[in-house]
Amino acid sequence: MRLQNLIAVLIFFSIINFQSCSTVPVTGRSQLNVIPSSELMSMSFQQYDQFLKENKLSTNRKQSAMIKRVGDKISKAVEQYFAQNNMSDELKGYQWEFNLVENDQVNAWAMPGGKVVFYTGILPITKTEAGVAVVMGHEVAHAVAEHGGERMSHQVVQQFGGMALSKLLEEESDALQGILLTAYGVGSQVGVMLPFSRLHESEADHLGLIFMAMAGYNPQEAVNFWQRMADAKGGEAPPEWLSTHPSDQTRIDDLKKAIPEAMKYYKK
Ligand SMILES: [Zn+2]
């Protein structure tokens with residue numbers, strides 16, 4: 001191979017690499033991301049509107065207002081945190097939105113670009129506004145760390161291999177939207193949130209604590225919330241939960257360890 005060709009090949013691969021890997025804010029872990037966030041967001045906004053059309057918003061004004069209030073505070077905290085760490089670019093294109101949907105499932109999720117849904121079924125466990133902030137912080141952390149994009153990317157690579165992105169977006173857009181919904185836990189039946197990997201869960205727990213503290217909620221509430229979750233699950237946890245989530249005790253122990261750091265951000 002002529003040197004010129006070799007260089008061309010090397011440049012080609014370094015571009016691929018650059019485009020398909022990104023870094024998780026804060027932890028700096030590099031992750032696989034084959035779908036550019038602009039594409040992810042446009043898919044997400046479309047799916048979110050569709051979801052809201054097909055599902056019933058809660059008519060409880062007080063509770064709906066609380067979800068929006070907590071979401072506003074946490075998203076402002078996230079923006080502040082990203083600005084302080086020179087990462088504001090990573091929130092480009094975000095259109096935060098927080099809705100409470102009538103549904104008995106104990107669930108909440110956040111899609112790319114800051115589109116959040118809480119189900120009414122989680123409110124008996126969040127109990128207080130600070131409890132809502134625990135879940136909001138955790139879900140928003142999954143979203144800004146692009147855990148869903150990472151899950152999607154692995155799924156896409158597995159299913160479509162090296163198919164060109166443009167062709168994928170054009171010819172497989174329905175399949176991609178299905179992958180998006182699964183990756184972000186929309187419609188997930190499992191426990192409080194989609195069982196991300198342990199790594200994703202502990203990243204979201206850690207970042208979520210910081211975000212809630214910056215928004216003015218006491219991060220110590222996270223311990224109480226996850227304790228209530230553990231009690232509510234009782235002995236009936238589905239196997240998916242058991243295999244992918246850290247045990248409740250491990251999670252609570254890890255949260256306790258992270259609280260002193262989060263307390264530094266806590267503004268009453
Ligand atoms: Zn999670």
Side-chain angles (χ1 to χ4, degrees), residues 24-27 29 31 33 40 44 67 70-71 74-75 77-78 98 101 103 105-119 121-123 125-126 130-155 179-213 215 217 219 221-233 237-259 262:
V24 178
V26 190
T27 63
R29 181 173 62 81
Q31 58 184 182
N33 253 329
L40 263 186
S44 160
I67 297 299
V70 175
I74 302 252
S75 57
V78 167
F98 311 95
V101 163
N103 189 316
Q105 282 178 47
V106 181
N107 206 353
W109 44 260
M111 289 206 296
K115 299 294 186 183
V116 180
V117 157
F118 269 62
Y119 293 162
I122 203 172
L123 297 181
I125 299 174
T126 53
V132 168
V134 175
V135 176
M136 188 70 80
H138 179 95
E139 287 303 309
V140 164
H142 273 312
V144 298
E146 297 192 339
H147 289 156
E150 192 176 0
R151 280 174 71 110
M152 263 190 93
S153 297
H154 285 285
Q155 193 65 38
I179 292 176
L180 177 109
L181 295 182
T182 313
Y184 283 87
V186 180
S188 162
Q189 303 282 334
V190 184
V192 53
M193 284 153 257
L194 168 77
F196 279 88
S197 69
R198 283 168 193 234
L199 179 70
H200 285 176
E201 283 308 308
S202 35
E203 266 179 8
D205 279 350
H206 181 193
L207 285 173
L209 269 191
I210 291 175
F211 296 155
M212 74 178 288
Y217 298 104
E221 281 304 315
V223 173
N224 302 331
F225 167 78
W226 286 108
Q227 192 58 60
R228 287 196 295 275
M229 266 308 290
D231 297 343
K233 276 188 289 168
E240 291 96 323
W241 179 284
L242 292 177
S243 59
T244 52
H245 273 68
S247 81
D248 296 320
Q249 201 48 54
T250 308
R251 164 170 244 151
I252 289 170
D253 290 346
D254 287 349
L255 280 166
K256 282 182 179 162
K257 272 181 237 156
I259 282 175

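Only a predicted model underlies this, so the values are computations on that prediction, with no experimental measurement involved. All ligand and atom numbering here is 1-based and tracks the order in the structure.
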Trainee: Closer than 4.0 angstrom, basic N to acidic O: yes or no for Asp231 and Arg228?
Mentor: no

Trainee: Would you name the heavy atoms of Leu255 and Trp226 that are closest together and state the gap between them?
Mentor: CD1-CD1, 3.2 Å

Trainee: Hey, is the Zn ion (ligand 1) within less than 2.8 Å of some N/O/S atom on Glu201?
Mentor: yes

Trainee: To 10°, measure the NE2(His142)-the Zn ion (ligand 1)-NE2(His138) angle for me.
Mentor: 100°

Trainee: Tell me whether His200 has at least one N, O or S atom under 2.8 Å from the Zn ion (ligand 1).
Mentor: no

Trainee: Just verifying a value: how many Å separate Asp205 CG and Arg251 CZ, rounded to the nearest 0.5 Å?
Mentor: 4.0 Å

Trainee: Taking atom CG of Asp254 and atom CD1 of Ile259, what is their separation to the nearest 0.5 Å?
Mentor: 11.0 Å

